[in-house]
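Okay, structure first, notes after.
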Amino acid sequence: MLNLIGKIFGSKNDRDMKPLWPIVDEVKEAFEKLQPLNNDQLREKTTEFKKRMPITLRTKKRRSLN
């Protein structure tokens, strides 16, 4: 009986992981884009990311407050 319920609803781990899979897919996609870059190009990207970071964090803070 418990086995049947587990198959229908999934395990606790399955339920916990389900909302994370889209994030995992985004990370994999970003990795594939960055992998062919050389060290100098990665340094440029790092600078770009640092410039974008404060804006992203402020936006997320506003969303979490609403």
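We count residues from 1, following the sequence as given. Keep in mind the model is a prediction, meaning the values are calculated, not measured.
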Listed pairs under 3.5 Å, donor-acceptor, residues 10-23 side chains, sequence neighbours left out:
unit_1, atom_1, unit_2, atom_2, d
Ser11, OG, Asn13, N, 3.4
Ser11, OG, Asp14, N, 3.1
Ser11, OG, Asp14, OD2, 3.3
Lys12, NZ, Asp16, OD1, 3.0
Lys12, NZ, Asp16, OD2, 3.0
Asp14, OD2, Ser11, N, 3.4
Arg15, NH1, Gly10, O, 2.7

By salt bridge (charged side-chain N to carboxylate O under 4.0 Å, His left out) - contacts of Asp25 (at least two apart) = none
Side-chain donor-acceptor contacts of residues 26-40 below 3.5 Å, not counting sequence neighbours, with atom names and distances?
unit_1, atom_1, unit_2, atom_2, d
Asn38, OD1, Asp40, N, 3.0
Asn38, OD1, Gln41, N, 2.8
Asp40, OD1, Arg43, NH1, 2.8

Salt bridge or not for Lys45 and Glu48, using N-O below 4.0 Å?
-> yes
